[in-house]
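Let me begin by presenting the structure, written as structure tokens, before commenting on it.
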Amino acid sequence: MESTFKEMRDGESVLDLSPKANVAGGVEDVYGEDRATEDQLVTPWTISIASGYSLLRDPHHNKGLAFTEKERDAHYLRGLLPPAVATQELQEKKLMESLRKYEVPLQRYMAMMDLQERNERLFYKLLVDNVEELLPVVYTPTVGEACQKYGSIFRRPQGLYISLKEKGKILEVLKNWPEKSIQVIVVTDGERILGLGDLGCQGMGIPVGKLALYTALGGLRPSSCLPITIDVGTNNEQLLQNEFYIGLRQKRATGKEYTDLLHEFMCAVKQNYGEKVLVQFEDFANHNAFELLAKYGTSHLVFNDDIQGTASVVLSGVVAALKLVGGTLPEHKFLFLGAGEAGTGIAELIALEISKQTKTPVEETRKKIWLVDSKGLIVSSRKESLQHFKKPWAHEHEPVKELIDAVKAIKPTVLIGSSGVGKTFTKEVVEAMASINEKPIILALSNPTSQSECTAEEAYKWSEGRAIFASGSPFDPVEYNGKIFVPGQANNAYIFPGLGLGLIISGAIRVHDDMLLAASEALAGQVSQENFDKGLIYPPFSNIRKISAHIAANVAAKAYELGVATRLPRPENLVKHAESCMYSPIYRNYR
Ligand SMILES: NC(=O)C1=CN([C@@H]2O[C@H](COP(=O)(O)OP(=O)(O)OC[C@H]3O[C@@H](n4cnc5c(N)ncnc54)[C@H](OP(=O)(O)O)[C@@H]3O)[C@@H](O)[C@H]2O)C=CC1
Ligand SMILES: CC(=O)C(=O)O
Ligand SMILES: [Mg+2]
């Protein structure tokens with residue numbers, strides 16, 4: 001059965017620039033943030049959606065026990081629900097209580113995914129209101145375990161799967177997706193999922209999780225977000241042998257077969273959604289990631305979260321840390337363990353910022369930054385055999401094999417872990433940093449928690465409480481010598497939701513490095529004295545929607561300044577505008 005009813009829906013309206021809806025025809029504008037396009041201002045929203053039993057099974061519109069008596073009458077729900085009517089707040093309380101009873105994180109993840117499938121608004125209400133508690137459930141570290149076990153826990157498909165079988169038909173596949181006005185795509189090919197390696201098709205947990213954050217943290221509409229996994233096979237033998245594996249059972253396609261499929265995908269995306277859809281590359285292996293970004297960066301609105309988002313968040317953390325450790329950015333010296341996407345991406349953005357501050361060529365400012373890969377310190381004698389993204393970091397120095405020797409030789413003030421290998425910041429390494437620096441900055445970025453270069457407790461204990469520490473996955477506060485130390489989370493989740501929102505509200509058609517710097521500056525500007533007093537270099541995630549609005553505003557302002565914004569005229573107050581565009585998960589009233 002189908003009924004026609006009017007609601008103020010989070011349709012194509014949210015990110016349009018038209019004035020607030022005051023729609024004739026009685027649509028209930030109960031929530032201030034609802035917006036409407038100009039068309040809708042003329043024609044009242046009247047949409048036909050399922051009613052009765054099907055309405056209860058439609059996650060976009062289902063409200064469970066929160067359907068009012070009137071709604072139960074109007075939409076054929078009588079008898080399909082028990083008599084009690086609950087508020088969204090009561091539903092939220094009940095769900096949080098039951099989530100907290102699960103002892104196994106993966107059970108919490110599955111409960112959250114079930115909720116997303118059952119009642120989307122309630123899912124986002126929980127996530128927005130309990131972000132610090134639920135981020136580790138829907139995101140790192142638990143999403144890592146979920147991807148590893150994705151086949152076993154698979155119930156209903158989420159997102160779009162594009163495999164080699166769909167070669168030549170990708171446009172048709174995109175058209176199968178039920179939502180038409182897509183604004184952000186997060187796509188992976190599953191080859192480097194967090195620090196867990198090649199998880200093939202099971203990497204889908206990552207685009208799904210990242211896009212949940214786009215909505216909860218950045219206010220993008222759920223219906224405008226599309227998670228995609230491109231399946232070209234996997235080289236993970238364990239998965240290939242696993243009877244529950246959900247992907248293609250073959251080794252990864254490479255070379256022309258791979259690039260042709262990706263090219264067909266990128267062309268189909270532009271053809272189907274236009275040039276203003278943001279494509280976020282996520283967790284590709286570095287041998288493809290840099291090339292894809294370079295190849296499509298000039299023709300599409302693309303962003304690589306691991307290279308660019310991470311760079312922006314880490315630069316922000318380091319700039320904020322200067323308030324605690326003193327000195328200017330150009331006065332600091334950086335050493336990385338890991339010279340891949342994250343490591344070289346961060347290094348390049350720091351070098352760019354120093355270059356802007358000192359008006360020195362970036363070739364010069366790079367000399368303050370050193371990287372160690374699996375073969376040791378990157379030095380000029382290795383230049384010939386290095387991958388292209390490492391070459392700019394091959395400075396004059398004698399070969400050094402071990403990290404500890406590199407720390408002693410380079411004497412960095414900032415040590416950044418981006419290797420994907422856990423426990424590599426040993427006691428000796430942290431002690432060496434603490435002997436060189438009064439307040440060493442130590443960032444263990446690798447995810448999930450098992451791959452963190454060291455724990456928060458180790459960083460504080462081994463540095464005798466002097467380290468300024470942050471990590472990619474969250475750690476609890478640590479008590480050391482009677483003092484509580486609160487570690488921050490240096491994760492690109494601070495940046496991509498706000499950056500994406502800024503690109504969308506300005507209608508940007510390209511991503512530019514200056515936007516990453518603008519995002520970074522906005523984030524650093526949100527760290528309060530109270531945060532600094534606790535040793536934090538990032539603001540708490542509980543303020544993330546406000547933080548995202550500031551990031552979005554800075555990014556949009558840069559887009560207008562660079563002439564790549566297409567939404568005109570430019571709103572005067574971009575922060576307010578960003579806030580007013582954000583999706584609210586509060587239930588709508590139906591009539
Ligand atoms: N906190 C955050 O927001 C983010 C965290 N990350 C995390 O960073 C990690 C790396 O990601 P990414 O840069 O994309 O991965 P890449 O594969 O691109 O790079 C990994 C780098 O680490 C080096 N490496 C591997 N093993 C060792 C070792 N034992 N000793 C020294 N170096 C080693 C590799 O060396 P070689 O080149 O010689 O193989 C390579 O240079 C992952 O765990 C990921 O989860 C990534 C993005 C964001
Ligand atoms: C956080 C993230 O993007 C990663 O670990 O890959
Ligand atoms: Mg990533």
Side-chain angles (χ1 to χ4, degrees), residues 135-136 139-141 143-144 147 186-199 203 205-207 209-210 213 280-291 293 303-317 335-348 370-378 382 385-391 393 400-407 415-426 429 443-453 470-475 487-497 523 538:
L135 212 53
Y139 192 53
T140 183
V143 72
C147 289
V186 176
V187 60
T188 189
D189 73 355
E191 193 168 3
R192 194 287 277 140
I193 294 297
L194 307 178
L196 301 171
D198 183 352
L199 298 184
I206 293 294
K210 292 270 177 185
L213 270 48
Q280 173 165 323
F281 294 118
E282 191 71 50
D283 290 9
F284 282 74
N286 61 39
H287 55 96
N288 291 317
F290 288 101
E291 263 178 54
L293 186 60
F303 162 72
N304 184 301
D305 189 32
D306 302 298
I307 302 171
Q308 299 172 297
T310 316
S312 185
V313 81
V314 171
L315 173 63
S316 166
L335 180 65
F336 288 77
L337 182 71
E341 293 165 70
T344 62
I346 301 162
E348 189 61 28
W370 297 80
L371 292 98
V372 171
D373 66 7
S374 65
K375 298 189 177 65
L377 191 65
I378 296 183
R382 292 178 54 196
S385 60
L386 289 172
Q387 288 141 290
H388 66 92
F389 50 88
K390 292 179 183 168
K391 286 190 198 286
W393 310 101
V400 179
K401 196 104 191 82
E402 302 298 332
L403 175 65
I404 180 65
D405 297 324
V407 171
L415 178 66
I416 299 176
S418 52
S419 61
V421 185
K423 305 193 188 345
T424 35
F425 291 173
T426 58
V429 166
L443 307 178
L445 300 182
S446 293
N447 296 315
T449 316
S450 58
Q451 313 308 111
S452 188
E453 283 79 7
S471 52
S473 298
F475 283 106
Q489 192 175 349
N491 194 295
N492 49 34
Y494 273 111
I495 290 288
F496 69 78
L523 177 58
Y538 292 102

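All ligand and atom numbering here is 1-based and tracks the order in the structure. Along the sequence shown, the residues carry numbers beginning at 1.
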Problem - CD1 on I307 to CG on N286, rounded to 0.5 Å - result: 8.5 Å

Handout entry: Candidate with minimal heavy-atom separation from atom 33 (C) of ligand 1, of G144, A289, A342, S374
Key = S374

Exercise for the section: Ignoring angles and geometry beyond distance, decide whether N286 reaches within less than 3.5 Å of ligand 1 through its nitrogen or oxygen atoms. Expected result: yes

Problem - Sub-4.0 Å heavy-atom approach of Y139 to ligand 2 - result: yes

Handout entry: Minimum heavy-atom distance between F290 and E341, given as atom pair plus value
Key = CZ-CA, 3.6 Å

Exercise for the section: Please indicate whether any nitrogen or oxygen in K390 is less than 3.5 Å from any nitrogen or oxygen in ligand 1. Expected result: yes

Problem - Distance-only polar pair, side chains of T310 and N492, donor-acceptor under 3.5 Å - result: yes

Problem - Nearest heavy-atom neighbours spanning F284 and V187 - result: CE1-O, 3.2 Å

Practice task
Would you mind naming the N, O or S atom of D283 nearest to the Mg ion (ligand 3)?
Solution key: OD1

Problem - V372 N/O to ligand 1 N/O under 3.5 Å - result: no

Practice task
Report the part of A493 in contact with ligand 1, treating N, CA, C, O as backbone and CB onward as side chain, heavy atoms under 4.0 Å; options are side chain, backbone, both, neither.
Solution key: neither

Practice task
Quick one: look at N492 and ligand 2, take heavy-atom pairs under 4.0 Å, and tell me if it's side chain, backbone, both or neither.
Solution key: side chain

Handout entry: the Mg ion (ligand 3) reached by D305 (N, O or S, under 2.8 Å)
Key = no

Practice task
Check each atom of ligand 2 against the heavy atoms of D306 and keep those under 4.0 Å away; list them by number with element.
Solution key: 2 (C), 3 (O), 4 (C), 6 (O)

Handout entry: Crowding at NZ, K375 (>12 non-hydrogen neighbours, <6.0 Å)
Key = no

Fill in the blank from the handout: Interatomic distance, CG@L443 vs CD@E453, rounded to 0.5 Å, equals 9.5 Å

Handout entry: Distance filter under 4.0 Å to D283 heavy atoms, resulting ligand 2 atoms
Key = 6 (O)

Problem - Polar atom proximity, T310 to ligand 1 (N or O, under 3.5 Å) - result: no

Exercise for the section: For residues F303 and F496, establish whether the separation of their ring centroids is below 6.0 Å. Expected result: no

Practice task
Examine the proximity of ligand 2 to I206 and report which part, side chain or backbone, both or neither, has a heavy atom under 4.0 Å away.
Solution key: neither

Handout entry: Lys/Arg N to Asp/Glu carboxylate O, D373 vs K390, below 4.0 Å
Key = yes

Practice task
Report the part of K210 (side chain from C-beta onward, or backbone N, CA, C, O) that has a heavy atom under 4.0 Å from ligand 2; answer both or neither where that applies.
Solution key: side chain

Fill in the blank from the handout: Out of D305, N492, V314, V421, the nearest non-hydrogen contact to atom 26 (N) of ligand 1 is supplied by V421

Exercise for the section: Report the C-alpha separation of V313 and Y538 in whole Å, then their side-chain angles, then the decisive distance to 0.1 Å, and conclude whether the side chain to side chain contact (heavy atoms under 4.5 Å, CB included) test is met. Expected result: CA-CA 9 Å; V313 81; Y538 292 102; 3.8 Å; yes

Fill in the blank from the handout: For the Mg ion (ligand 3), the nearest N/O/S atom on D306 is atom OD1

Practice task
For the Mg ion (ligand 3), find the closest N/O/S atom belonging to E282 and write down its atom name.
Solution key: OE2

Exercise for the section: Would you check whether L194 reaches within less than 4.0 Å of ligand 2, judged by its heavy atoms? Expected result: yes

Problem - Heteroatom distance test (G472, ligand 1): nitrogen or oxygen, under 3.5 angstrom - result: no

Exercise for the section: Determine whether any heavy atom of R192 lies closer than 4.0 Å to an atom of ligand 1. Expected result: yes

Problem - Taking atom 5 (O) of ligand 2 as the reference point, the nearest protein heavy atom with its distance - result: N447 ND2, 2.8 Å

Problem - Residue-ligand contact V313/ligand 1, heavy atom below 4.0 Å - result: no

Problem - Any side-chain heavy-atom pair of L196 and C147 under 4.5 Å - result: no

Handout entry: Validation row: I416, V314 side chains within 4.5 angstrom (heavy atoms)
Key = yes

Practice task
Using a strict cut-off of 4.0 Å, indicate which atoms of ligand 2 neighbour a heavy atom of E282.
Solution key: 3 (O)

Practice task
Check whether any side-chain heavy atom of L445 sits under 4.5 Å from a side-chain heavy atom of I346, and report yes or no.
Solution key: yes

Practice task
Measure T140 to ligand 2 on non-hydrogen atoms and call it side chain, backbone, both or neither using the 4.0 Å cut-off.
Solution key: neither

